[in-house]
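Whatever order the structure lists ligands and atoms in, that order sets their numbers, starting from 1. Side chains are part of it too, since the values below use all heavy atoms of this structure and drop only hydrogens, waters and symmetry mates.
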Amino acid sequence: MDAFVVRGGRRLRGRVKINGSKNAALPLMAAALLTDEPITLENVPNLRDIASMANLLETLGCQAHRGDPAAGGDPHRMTLQATDASPCLAHYDIVRTMRASICVLGPLLTKRGRARVSMPGGCNIGDRPVDLHLRGLQALGAQISLDEGYIVAEARRLKGAKVFLGGTFGSTVLGTANLMSAAVLAEGTTVIESAACEPEVVDLARLLCAMGARIRGAGSPRITIEGVDRLHGAHHQVIPDRIEAGTFIMAAAITNGDVVIENCPTDALTAALDRLTEVGVELEPVDGSPDAGAAAGEVDPICQTVRVASTRRLQPVQVVTQPHPGFPTDLQAQIMALLCLADGNSMITEKIFPDRFLHVAELLRMGARLIRNGPTVLVTGVHHLVGAPVMASDLRASAGLVLAGLAARGTTTVNRVYHLDRGYEMMEVALRNLGADIERINVSA
Ligand code: EPZ
């Protein structure tokens, strides 16, 4: 199993370019099940979760090909084509490796009339039910039952309806993606109320519209979808990864670095940038204009080349994670690492996944001063963190620990970077290019 060895204390300097968004790409790939024509996606990150989704789609009769650099192809371009519409089984062996496999449920049901998808179950960040996905599909007329750990869904043709997707912890991102993907081929009009407003939902709507779907309101809490009889192939550019961008901004800030970030979706990071400004970290546009493509309206959200500038003293702040456009839960661990070094007491409250605190015990091992009370953590800034062997079985928690290691005195070994590889494309290479002292090693299990 691989680990990162980080020798802290280097200021990061240089340029980094943000990759395509994992969480946008996964439902975009599943949307290829909605047509038998090819879907070409550009800017697809090279990650373990993407490979798992490609693998799942192959078992569902949908071929997925990445460009081969040896043959002059672009490894970030993926072409998907459903050539066999008979398979409907998303097997437990694949679903248990990646919860986002649930994204195939809506497309399979609406296009093939039936789906048998393993129930994803909980994971390291909480229980993660899928009741809202199922209730939404039932509202469109699907017959749903559970059989030996599988969701069995059937419908001759789904019928448009009004669907409320709000839950105890806000709306659901993948639930909105599933419902929207199902409703595009339903008979009549579907209105999703309390829809997730995340940029990844907007990106999916853009692809579906390019395939011939009729969708209004994506990015707002009410999405209206008029069903069509068929969809066709399309070419689509995946949006840049706002969470990867936020992680690199905080990596620059925690090392008091000077980093230029290309392809940074600033528009999608408003809440995070607001908190960071309070902390004393600011982004300055480098050329004052949106990146090529964004200016032409080809990518949404607006991207910029920005420079991270920070004052030496970090101010404490309050952070509450919320659905978009609020502060993203996927950046909570990273900002906690940063606030460990702020000048005073900060409070972090997790409102999306109240148990998403695997990094807390590990940061304590590095000398952080943290007190957790339910979904809230009191972070008392310390003068410095100290390196230690650490491990967290969650992708973003692991990212937080890498950031802590970059700033800590001494050596931090982040074990099981297997989790990081699910969501960051060669993170250690990008950080090394910025001057970090970080290497990947193989440790026997
Ligand atoms: C997506 O998960 C992301 N995953 C997560 O990123 C992200 O943390 C999360 O949205 C919140 O922003 C992908 O896009 C692949 P939700 P998703 O359904 O859609 C509750 C990462 O690190 N809920 O929006 O599965 C749920 O328990 C990952 O990249 C229900 O109660 O999350 C949570 O409290 C981790 N019933 C809240 O809603 C449901 O049916 C939001 O979850 C569904 C969700």
Side-chain angles (χ1 to χ4, degrees), residues 19-30 45 47-50 52-53 56 95 97-106 117 119-139 144 151 163-181 192 194-204 221 238-239 241-247 268-269 271-272 321-334 350-356 358-359 375 392-400 419-425:
N19 290 293
S21 159
K22 163 182 87 83
N23 288 349
L26 293 168
L28 294 174
M29 290 170 70
L47 300 170
R48 254 175 30 93
D49 274 9
I50 298 290
S52 300
M53 180 58 90
L56 174 61
V95 175
T97 65
M98 189 190 52
R99 214 183 158 281
S101 306
I102 190 75
C103 292
V104 300
L105 178 60
V117 177
M119 192 78 163
C123 71
N124 295 321
I125 65 175
D127 293 344
R128 305 189 75 184
V130 290
D131 57 314
L132 297 170
H133 299 235
L134 304 188
R135 249 183 33 209
L137 292 171
Q138 276 169 329
I144 296 192
I151 301 161
V163 182
F164 178 72
L165 271 192
T168 318
F169 300 100
S171 190
T172 161
V173 179
L174 291 181
T176 303
N178 246 334
L179 252 281
M180 204 163 66
S181 302
I192 306 177
S194 200
C197 303
E198 270 67 4
E200 294 75 20
V201 170
V202 179
D203 205 29
L204 175 62
V238 180
I239 54 171
D241 196 313
R242 63 195 168 104
I243 305 303
E244 186 186 42
T247 304
L269 281 166
T321 67
Q322 279 169 333
H324 192 77
F327 190 96
T329 171
D330 291 347
L331 285 175
Q332 180 254 109
Q334 298 90 318
E350 175 56 69
K351 290 234 172 152
I352 310 290
F353 297 113
D355 288 322
R356 194 178 197 177
L358 288 168
H359 40 289
S393 313
D394 165 41
L395 157 60
R396 309 302 172 185
S398 302
H419 292 284
L420 265 172
D421 292 337
R422 295 183 48 197
Y424 293 92
E425 185 171 329

From Arg422 atom CZ to Ile50 atom CD1, the distance as rounded to the nearest 0.5 Å:
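Rounded to the nearest 0.5 Å, the CZ-CD1 separation comes out at 11.0 Å.
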NE2 on His359 to OG on Ser393, rounded to 0.5 Å:
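So the gap between those two atoms works out to 13.0 Å.
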Subset of ligand 1 atoms that lie under 4.0 Å from at least one heavy atom of [X]:
X      : answer
His133 : 40 (O)
Ala100 : 15 (C)
Lys22  : 21 (C), 29 (O)
Phe169 : 34 (O), 37 (C)
Val130 : 39 (C), 40 (O)

N or O pair under 3.5 Å between [X] and ligand 1:
X      : value
Leu174 : yes
Leu26  : no
Arg356 : yes

Looking at ligand 1, does Arg99 have a heavy atom less than 4.0 Å from it?
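Distance cut 4.0 Å: Arg99 passes for ligand 1.
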Around [atom], find the nearest protein heavy atom and jot down its residue, atom name and distance.
atom                    : result
atom 18 (O) of ligand 1 : Thr172 OG1, 2.7 Å
atom 9 (C) of ligand 1  : Phe353 CE1, 3.9 Å
atom 10 (O) of ligand 1 : Val173 CG2, 3.5 Å
atom 17 (P) of ligand 1 : Arg128 NH2, 3.7 Å
atom 8 (O) of ligand 1  : Asp330 OD1, 2.6 Å
atom 11 (C) of ligand 1 : Thr329 CG2, 3.8 Å
atom 44 (C) of ligand 1 : Pro129 O, 3.8 Å
atom 36 (N) of ligand 1 : Asp131 OD1, 2.7 Å

Are the side chains of [X] and [Y] in touch, meaning some heavy atoms are under 4.5 Å apart?
X      : Y      : result
Leu331 : Leu269 : yes
Val117 : Ser101 : no
Met53  : Cys103 : yes
Leu165 : Leu132 : yes
His419 : Tyr424 : no

In residues 168-180, what donor-acceptor pairs under 3.5 Å come from side-chain atoms, sequence neighbours left out?
from, atom 1, to, atom 2, distance (Å)
Ser171, OG, Ser194, O, 2.5
Ser171, OG, Ala196, N, 3.1
Thr172, OG1, Gly175, N, 2.9
Thr176, OG1, Thr172, O, 2.6
Thr176, OG1, Ala196, N, 3.0
Asn178, OD1, Gly106, N, 2.8
Asn178, ND2, Ile102, O, 2.9
Asn178, ND2, His133, ND1, 3.1

Member of Gln322, Lys351, Arg356 meeting the side-chain hydrogen bond (donor to acceptor under 3.5 Å, both in side chains) criterion with Thr329
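Answer to the side-chain hydrogen bond (donor to acceptor under 3.5 Å, both in side chains) test with Thr329 among Gln322, Lys351, Arg356: Arg356.
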Select the closest option to atom 29 (O) of ligand 1 among Arg396, Met98, Met53, judged by heavy-atom distance.
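Considering heavy atoms of Arg396, Met98, Met53, the nearest to atom 29 (O) of ligand 1 sits in Arg396.
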Atom 38 (O) of ligand 1: which of Gly167, Ser398, Ser171 has the nearest heavy atom?
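Residue with the shortest heavy-atom distance to the ligand atom: Ser171.
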Under 4.0 Å between a Lys/Arg side-chain N and an Asp/Glu carboxylate O for Glu200 and Arg242?
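Answer for the salt bridge query: yes.
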With no hydrogens and no angle check, is any side-chain donor or acceptor of Glu350 less than 3.5 Å from a backbone partner on Gln332?
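No: the side chain of Glu350 does not pair with the backbone of Gln332.
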Taking Ile243's backbone N and O only, do any of them form a donor-acceptor pair with Asp330's side chain (distance below 3.5 Å, no angle check)?
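No: the side chain of Asp330 does not pair with the backbone of Ile243.
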If we set the cut-off at 4.0 Å for heavy atoms, which region of Ile102 has an atom near ligand 1: side chain, backbone, both, or neither?
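Neither part.
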